[in-house]
2 protein chains.
Amino acid sequence: MPSGPAAHADPARAEVGLNAVIISVDGTTPKLLTVERQPHEDGLPSGHLDDTVDRTLEQGVRRLVGRETGLPVRYFEQLYTFGDRNRVPGGRSLAVAYLALVRHQGVQGEANPSWRSCYELFPWEDWRDGPPAALEGSVVPALERWLACAQPGELSTRQERAELTFGLGHARWDPVRVLDRYELLYELRLVGEAAPVDGGPGPGLGLPLSLDHRRIAAAALERLRGKLAYRPVVFEVLPETFSLSRLQQVVEALAGQVLHKQNFRRLVGSANLVEPTGEWDQRTGGRPAELYRFRREVLRERPAPGLGLRRLGGP
Amino acid sequence: MPSGPAAHADPARAEVGLNAVIISVDGTTPKLLTVERQPHEDGLPSGHLDDTVDRTLEQGVRRLVGRETGLPVRYFEQLYTFGDRNRVPGGRSLAVAYLALVRHQGVQGEANPSWRSCYELFPWEDWRDGPPAALEGSVVPALERWLACAQPGELSTRQERAELTFGLGHARWDPVRVLDRYELLYELRLVGEAAPVDGGPGPGLGLPLSLDHRRIAAAALERLRGKLAYRPVVFEVLPETFSLSRLQQVVEALAGQVLHKQNFRRLVGSANLVEPTGEWDQRTGGRPAELYRFRREVLRERPAPGLGLRRLGGP
DNA sequence: CAAACTTATACTCTGGATGAGCATATCCCC
DNA sequence: GGGGATATGCTCATCCAGAGTATAAGTTTG
């Protein structure tokens with residue numbers, strides 16, 4: 001914020017870019033929206049702040065998402081502002097990134113928007129069917145090479161970092177540390193945006209995006225997973241009514257982890273975030289499930305009590 | 001981020017402002033640095049991004065802090081980007097706010113920098129000597145008036161929000177919810193920046209700052225208190241060596257809460273964040289205290305294990 | 001139609017972390 | 001050397017998260 005009207009040397013007016021990481025859950029798959037930025041190169045929906053119409057940053061993002069996707073966004077949250085001069089070719093571009101949550105629905109438009117599984121971008125993040133193949137197959141060997149070529153003094157530090165980041169050794173996998181993991185893989189040149197190292201495994205892990213967009217997506221997934229535990233954000237990707245099993249399914253999809261069913265129910269119940277509707281879902285294939293509704297009043301009670309999952313507890 | 005070089009209609013170039021909330025601890029008082037922006041009006045150190053010298057946003061803040069205060073900053077963290085068009089008089093100003101931590105030392109300069117107690121700005125946030133006077137004296141009565149004039153449907157919602165935000169009724173005081181509290185007080189017109197309501201208490205609670213700077217400071221304190229629990233940030237305001245009591249004192253100052261001494265030690269010990277130096281502080285006035293040093297290696301182990309205070313546990 | 005299976009829901013047990021108190025050690029000051 | 005103050009070590013109760021077991025209420029199948 002300027003100390004005065006800053007009349008003199010025109011201090012660095014910068015273009016204000018906006019990026020949106022739009023996330024939804026389709027069945028059991030968490031998805032994010034990409035657009036075609038070049039032929040055969042996808043990236044996040046992006047645009048610029050337009051001073052003539054956007055009163056706030058969030059309104060700018062809202063306009064941008066509307067234009068590129070037409071999706072009705074149910075939740076916005078500012079993620080981070082990127083301002084490195086060398087971040088994009090051609091000089092400074094300041095970009096404010098937002099996380100947006102929507103209920104899943106189809107999209108089409110001239111920018112070729114499409115839904116991508118989050119785990120297409122981050123194949124090592126989905127532990128619902130046990131340790132992901134990408135971990136054992138690519139990450140662990142690469143980590144071992146990285147440890148092998150460490151300076152003697154660095155070794156224990158590298159080792160500890162690797163174990164904590166990827167939950168190896170004694171450490172437990174922490175679903176939230178998405179960005180840490182992406183950045184370590186970037187250092188290891190295991191993801192496509194980083195130029196592959198000689199003799200490294202060919203194409204790189206996961207689907208690359210333009211520029212640093214996959215990094216931004218990692219930050220978004222990290223933020224979302226973190227928030228699941230202490231803010232009621234899941235409900236923004238769910239329909240009006242849902243069974244508790246569906247709620248758990250969606251949380252598991254986003255967290256990339258299976259949860260203990262009974263304990264999940266206990267927590268949801270004690271958090272007082274949902275109320276029964278009296279209706280029942282008959283299409284379960286077993287005993288019908290009661291349908292619940294999010295008690296949206298809790299959003300007014302500002303310190304929203306959260307889902308109760310204090311730590312995303314895995315099995 | 002631009003889809004192309006954006007040559008055409010010059011999409012909304014904005015001035016990029018920078019704000020810094022510089023925090024340290026002086027004895028048992030957490031302090032933040034203000035500068036004189038107008039005669040008799042203090043605010044946060046602010047400036048603009050300078051494209052010719054600042055390669056990154058953080059470098060811009062570093063330069064700004066250096067110019068206005070000369071303080072050596074030990075930790076930077078981006079807080080939030082404010083972009084409302086009507087935020088400051090005279091059109092859009094985009095401002096990126098940063099939290100900065102320094103070891104305490106004197107400052108002087110032409111902008112009249114001075115250290116202010118955080119609790120001069122937020123008198124209701126310091127619970128170390130029991131419930132703060134400002135709570136009982138001003139906040140609670142104002143909350144009761146606010147509840148009294150609620151619509152019938154709103155009452156329970158308002159009540160729940162008031163209780164959760166300020167730890168009244170069954171709810172416990174949560175040291176982290178600094179911003180929630182400030183914003184509620186702003187709505188109640190209890191803080192000086194908001195125009196006083198008719199019949200409201202005169203001057204408003206706490207020291208006001210320019211524009212929305214006190215709100216930014218609240219966001220900073222909230223972030224810092226939150227981080228105390230899971231990232232080793234306290235050490236950035238402490239000297240190289242310190243006793244465990246001093247460490248606890250500083251945490252208590254920032255958290256605005258007294259902690260159980262024995263449990264604090266247990267946690268610090270198990271978190272493995274500090275190591276004994278073998279030296280002893282003789283000036284304790286009692287049994288000498290062993291001096292410890294932060295194991296700075298843990299910062300390399302990226303998912304920094306945190307202080308162990310999973311919740312800032314009060315008595 | 002009954003057995004087998006699937007899914008939902010309820011209750012119990014256990015280990016660990018957290019909150020709180022008691023006890024001891026080592027200094028200073030009088 | 002006793003009292004006060006601070007540091008440090010240990011124990012106990014409580015709560016909660018993780019994990020297991022049991023029951024209810026449907027669908028599918030022989």
Side-chain angles (χ1 to χ4, degrees), chain A residues 28 127 167 170 172-175 228-230 241-252 255 257-272 274-292 305-315, chain B residues 28 127 167 170 172-175 228-230 241-252 255 257-272 274-292 305-315:
Chain A
T28 61
W127 282 67
H170 300 149
R172 283 180 51 152
W173 175 268
D174 180 353
L228 283 180
Y230 64 98
T241 65
F242 46 84
S243 68
L244 294 185
S245 292
R246 176 64 185 152
L247 174 60
Q248 180 176 356
Q249 209 174 48
V250 170
V251 172
E252 288 178 338
Q257 242 200 354
V258 292
L259 303 172
H260 186 120
K261 183 173 238 176
Q262 294 85 336
N263 293 341
F264 182 82
R265 294 167 155 274
R266 178 173 58 190
L267 289 176
V268 172
S270 63
N272 195 28
V274 299
E275 59 191 2
T277 63
E279 293 168 47
W280 300 79
D281 183 359
Q282 305 286 348
R283 304 159 307 166
T284 56
R287 172 172 168 177
E290 183 157 19
L291 291 175
Y292 290 77
L307 207 154
L309 292 168
R310 340 219 166 232
R311 303 173 54 207
L312 286 170
Chain B
T28 60
W127 282 66
H170 301 148
R172 282 179 53 151
W173 176 269
D174 180 352
L228 284 180
Y230 64 97
T241 65
F242 46 84
S243 67
L244 294 185
S245 291
R246 177 61 186 152
L247 173 61
Q248 181 176 355
Q249 210 175 46
V250 170
V251 173
E252 288 178 337
Q257 243 200 352
V258 291
L259 303 173
H260 189 271
K261 183 174 240 179
Q262 293 86 336
N263 294 341
F264 181 81
R265 292 166 158 275
R266 179 173 56 191
L267 288 177
V268 172
S270 64
N272 195 28
V274 299
E275 59 190 2
T277 63
E279 296 168 45
W280 301 79
D281 183 0
Q282 304 287 349
R283 303 160 307 166
T284 56
R287 171 172 169 177
E290 183 156 19
L291 290 176
Y292 290 78
L307 205 153
L309 292 168
R310 336 212 172 236
R311 303 172 54 208
L312 287 169

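Note that these values count all heavy atoms, side chains included, but never hydrogens, waters or copies made by symmetry. Order of the sequence lines fixes the chain letters, A, B, ..., with proteins taken first and strands second; residue numbering starts at 1 for each chain.
Legend: residues meeting side chain to side chain donor-acceptor pair (under 3.5 Å) with Asn272(B), ordered by chain and number and at least two apart, are absent. Under the ring pair (Phe, Tyr, Trp, His ring centres under 6.0 Å) criterion, Phe242(A) pairs with Phe235(A), sequence neighbours left out.
One atom, CG of Asp281(B), and another, P of dA5(D), lie 18 Å apart when rounded to the nearest Å. In this entry the distance linking CZ of Phe264(A) with C1' of dA19(D) reads 17 Å, nearest Å.
Mapping Arg246(B) and Arg266(B) onto DNA chain D by nearest heavy atom places Arg246(B) at the nucleotide closer to the 5' end. Residue-to-nucleotide proximity on DNA chain C shows that, of Ala289(A) and Asn263(A), the 5′-proximal contact is made by Ala289(A).
Nearest heavy atoms, His260(B) versus Gln248(B): C-NE2, 4.1 Å. For the pair Leu259(A) and Glu252(A), the tightest heavy-atom approach, listed with the atom from each and the gap, is N-OE2, 2.8 Å.
For the residue pair Arg246(B) / Gln249(B), a side-chain donor-acceptor distance below 3.5 Å is found, with atom types taken as modelled.
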Exercise. How far apart are the C-alpha atoms of Ser243(B) and Glu279(B), what are their side-chain angles, what is the distance that settles it, and do they pass the side chain to side chain contact (heavy atoms under 4.5 Å, CB included) test?
Worked result: CA-CA 10 Å; Ser243(B) 67; Glu279(B) 296 168 45; over 6 Å; no

For this session: At under 4.0 Å between heavy atoms, which parts of nucleotides 22-30 of chain C does protein reach? Answer with one letter per nucleotide, 5' to 3': B base, S sugar-phosphate only, - none.
Result: B--BBB---

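Nucleic acid contact for Ser245(B): sugar-phosphate only, since backbone atoms but no base atoms lie under 4.0 Å from a heavy atom of the residue.
Look at Lys261(B) and you'll find a side-chain N or O under 4.0 angstrom from OP1 or OP2 of dA7(D).
When each of dT18(C), dT9(C), dA8(C) is scored by its nearest atom to the side-chain atoms of Leu244(A), the top-ranked nucleotide is dT9(C).
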